[in-house]
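What follows is one structure encoded as structure tokens, with my remarks underneath.
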Amino acid sequence: MGPFPRMHSSSHPVATVEHLSSHVGQTVTLRGWVYHKTSKGKLHFVQLRDGTGTCQCVLQRAQVGEELFEAVGRAGQESSLWLAGSVRQDARAPGGYEIDVSAGSVLQAVEGYPITPKEHGVDFLMDQRHLWLRSKRPWAVLRVRDAVITALRGFFDQRGFVCVDAPIFTPNACEGTSNLFEVPYFDSKAYLTQSGQLYAEAAAMALGKVYCFGPTFRAEKSKTRRHLTEFWMLEPEMAFATLDDVLDLAEAMLCHVVQEVLRRRKSELLALERDLSKLEAIVPPFPRLTYDEAAAILAKEQGSTFRYGDDLGAPDETLLSNRYDRPVMITRYPEQVKAFYMKRDPHNPGKVLCVDVLGPEGVGEIIGGSQREEDLDILLARLAEHKLPESYFQWYLDLRRFGSVPHAGFGLGLERTVAWICGLEHVRDASPFPRTIYRLTP
RNA sequence: UCCCCGAUAGCUCAAUGGUAGAGCGUUCGGCUGUUAACCGAAAUGUUGUAGGUUCGAGCCCUACUCGGGGAGCCA
């Protein structure tokens, strides 16, 4: 590699592509990689990618000298380099700004970068995920994902929630349903968490309003565009709260996140060819249906295989969400299709105080939440009905023995949310290094 | 676990049971305004694996491997 002084070997200040507009008329240095290059005789056009964006840099043989001109000529896609030159507004340049290069150096000349600017298949690109992240679409998605995470944390911080993270190694199934990943744990076994909720409930009794946010794992052999084996979930939990508080919180949270992404990542959304009007429509109030109301709608639909009493299937959810231009909240499902800890609805026998929030545009369930059962005896009975071993849940039952209060919360799937906001076909594209049933690498 | 689809050059894809092809990328040459440039030339193959049918299989049959989409389950 060539010399790489802390910034560069020219005396010009380092700029980033993101903030080039504030440097018009100045001479600056950009450091990055060759995203694309085309040459026409004594002229090179380099699309320099610096992580914050890409900028066209123009090299004229007569201006930059033989050595640099030839070096850039030999530098293929993703060669690393720095270039210094004056910043100029130019309508012919893709980003609107252009660098007239006067100096620079190629750090590493590369040839044979696997990802060419042509079409590639999903499997090939996922094998190259460590490199694919440099391409425009993954880059834009990761920037939106970052803004979603920042907006979520800001939202809960502003409302007085305390972040209390849950363990990833757990001794047993939180809900006793899904298949878990088993891992050796010294002389015994542990399982990777499928939800931090039970721990969040404990934290809520200690701190009032809390949320946990971390990776969760499902060993289900799901093979659809909505499933990963590892994904991030944000789970708020509130003491002294009801199902209605959950609905209001989820609605405000989703609106805040979408607003923040629109404010901070508009150019990334446009790069993803996202229809912004679909996101601008995400304002309160969200439609709220009970399970019974949803069932009545499905009963009138042709081709639906839904039977009253069943959980909603994926096609049913798509059918319902397509009726609205914003997320739809479906409450009060039959107790037999939901988890043991959900509180029964006192005004609605056989139903529980729960909610599924279905994202628009067929993205599926992005939030699942409920008011929790706070009564010790009822919870014991529910554990028995679900044939769950009481001994594993003693600490959880303590929460009902010592100052039990009504409380409620939900879980938000981060990748599904990002996929929805970005308009992605598949949740795997919302994760930097997705894990699916058949993919553990890179 | 079940259903459907697929696997041919580095990549994306063609090829009636009868000589293995194209575009892009790569390499070389040309060009002072390119946007996935263009023009000319060159190199590139264990057709996923193992059997079978046939005079002859990339193509038909069987099994397997890997992958894609969907169901169930769920965020």
Side-chain angles (χ1 to χ4, degrees), chain A residues 35-47 54-63 69 73-74 76-77 90-96 98 100 110-128 135-136 174-175 177-180 193-197 213-235 250 305 310-318 337-339 355-359 362-369 410-420 425-428 430-431 436-439:
Chain A
Y35 190 66
H36 179 69
K37 188 189 70 179
T38 182
S39 301
K40 191 159 170 66
K42 300 184 173 61
L43 207 49
H44 291 312
F45 296 96
V46 175
Q47 303 293 334
T54 63
C55 172
Q56 174 156 285
C57 301
V58 186
L59 287 86
Q60 306 206 32
R61 188 192 289 268
Q63 270 185 33
F69 192 83
R74 286 189 300 271
Q77 203 182 341
D90 194 316
R92 294 171 298 184
E98 193 170 85
D100 281 323
V110 166
E111 69 181 55
Y113 183 71
I115 302 173
T116 62
K118 299 292 175 180
E119 279 181 51
H120 299 285
V122 170
D123 195 40
F124 172 79
L125 288 171
M126 276 301 173
D127 281 340
Q128 311 291 334
S135 297
K136 189 177 77 174
C174 284
E175 303 180 17
T177 51
S178 297
N179 292 322
L180 305 189
T193 181
Q194 62 152 345
S195 167
Q197 182 206 311
F213 187 31
T216 50
F217 306 87
R218 302 282 166 90
E220 301 288 349
K221 294 192 172 180
S222 301
K223 257 180 84 169
T224 80
R225 75 182 70 178
R226 299 182 304 280
H227 289 89
L228 298 170
T229 55
E230 175 184 328
F231 63 95
W232 279 61
M233 187 153 66
L234 187 150
E235 296 172 278
T305 57
D310 289 351
D311 202 357
L312 299 180
D316 302 320
E317 292 183 348
T318 302
V337 302
K338 289 294 180 183
V355 59
D356 280 4
V357 181
L358 309 181
V363 73
E365 184 183 343
I366 56 176
I367 287 174
F410 65 82
L412 168 83
L414 178 67
E415 285 78 7
R416 284 191 184 174
T417 303
V418 173
W420 157 50
E425 273 294 298
H426 201 301
V427 282
R428 68 178 161 223
S431 170
T436 62
I437 174 170
Y438 293 132
R439 177 166 295 281

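Just so it is clear, the model here is predicted, and its values are computed rather than measured. Below, chain A is the first sequence line, B the second, and so on; all start at residue 1.
Between A:K221 atom NZ and B:G67 atom C1' there is a gap of 15 Å when expressed in whole angstrom units. Between A:K338 atom NZ and B:C73 atom C1' there is a gap of 11 Å when expressed in whole angstrom units. Taking atom CG of A:L125 as the reference point, atom P of B:G10 lies 17 Å away to the nearest angstrom. Put simply, CG on A:D123 is 10 Å from P on B:C11, counting in whole angstrom units. Atoms CG (A:L228) and P (B:C73) sit 19 Å apart, rounded to a whole Å. Taking atom CD of residue A:E425 and atom C1' of nucleotide B:G68, one finds them 13 Å apart after rounding to whole Å. In this structure, A:E317 atom CD and B:A71 atom C1' are separated by 13 Å, rounded to whole Å. Between A:D311 atom CG and B:C73 atom P the separation is 6 Å, expressed in whole Å.
Between the base of B:C66 and the side chain of A:R439 there is no donor-acceptor pair shorter than 3.5 Å. For B:C11, the base has no donor-acceptor partner in the side chain of A:H120 [N/O atoms by modelled type, under 3.5 angstrom]. Contact annotation: side chain of A:S222 to base of B:C73, donor-acceptor pair present below 3.5 Å.
Side-chain contact between A:R428 and A:L228 is present, with heavy atoms from C-beta onward closer than 4.5 Å. A heavy-atom distance below 4.5 Å is not found between the side chains of A:E415 and A:V418. A:V46 places a side-chain heavy atom less than 4.5 Å from the side chain of A:L59.
Comparing the P positions of B:A7 and B:A42 gives a spacing of 31 Å, expressed to the nearest Å. The gap from the C1' atom of B:G6 to that of B:U49 amounts to 16 Å, rounded to the nearest Å. Across the C1' atoms, B:U44 and B:U27 are found 11 Å apart, a figure rounded to whole Å. B:U46 sits 12 Å from B:C11 when the P atoms are compared, rounded to a whole Å. Remark: the separation of the C1' atoms in B:A57 and B:U53 is 10 Å, to the nearest Å. Distance check on atom P: B:C28 versus B:G33 gives 23 Å, rounded to whole Å. Comparing the C1' positions of B:U1 and B:A15 gives a spacing of 38 Å, expressed to the nearest Å. On the C1' atoms, B:A43 is 35 Å away from B:C64, given to the nearest whole Å.
Using a 4.0 Å heavy-atom cutoff across all strands shown, A:G313 reaches sugar-phosphate atoms only and no base atom. Note on A:F124: only backbone sugar-phosphate atoms sit closer than 4.0 angstrom, heavy atoms only; bases stay farther off.
With sequence neighbours excluded, no residue forms a ring pair (Phe, Tyr, Trp, His ring centres under 6.0 Å) with A:Y35. Partners of A:D127 according to the side chain to side chain donor-acceptor pair (under 3.5 Å) rule, which considers only residues two or more places apart in sequence or in another chain, are A:R439. Checked against side chain to side chain donor-acceptor pair (under 3.5 Å), A:R61 has the following partners two or more places apart in sequence or in another chain: A:E66, A:E70.
Under the 3.5 Å distance criterion, with hydrogens and angles disregarded, a donor-acceptor pair is assigned to the side chains of A:Q47 and A:Q56. In the model, A:E235 has a side-chain atom that pairs as donor or acceptor with a side-chain atom of A:S195 under 3.5 Å.
The pair A:R225-A:E425 counts as a salt bridge, with a side-chain nitrogen and a carboxylate oxygen less than 4.0 angstrom apart.
Using a 30° and 60° split on the angle between ring planes, A:F213 and A:W232 fall in the perpendicular class, above 60°.
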Quick one, give me the B/S/- string for nucleotides 4-9 of chain B, reading 5' to 3', where B means a protein heavy atom under 4.0 Å from the base and S means that only happens at the primed atoms, P, OP1 or OP2. ------

How would you summarise protein contacts on nucleotides 26-35 of chain B per nucleotide, using B for base, S for sugar-phosphate only and - for none, with heavy-atom distances below 4.0 Å? -S---BBBBB

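Secondary-structure stems of RNA chain B, taken as three or more successive Watson-Crick or G-U wobble pairs (i with j, i+1 with j-1) under a 3.5 Å distance threshold, comprise B:1-7 with B:65-71, B:10-13 with B:21-24, B:26-30 with B:38-42, B:48-52 with B:60-64.
Put simply, A:R226 has a side-chain N or O that comes within less than 4.0 Å of OP1 or OP2 on B:A71.
Atom CE of A:M233 sits about 4.5 Å away from atom OG1 of A:T216, to the nearest 0.5 Å. Going from atom CZ of A:F231 over to atom CD of A:Q194 covers 8.5 Å, rounded to the nearest 0.5 Å.
Closest-nucleotide positions on RNA chain B for A:H426 and A:H227 were compared, and the one nearer the 5' end corresponds to A:H426. Nearest-nucleotide mapping onto RNA chain B: of A:G121 and A:R428, the residue sitting toward the 5' end is A:G121.
When atom types are taken as modelled, the side chain of A:T38 and the backbone of A:F45 share no donor-acceptor pair closer than 3.5 angstrom.
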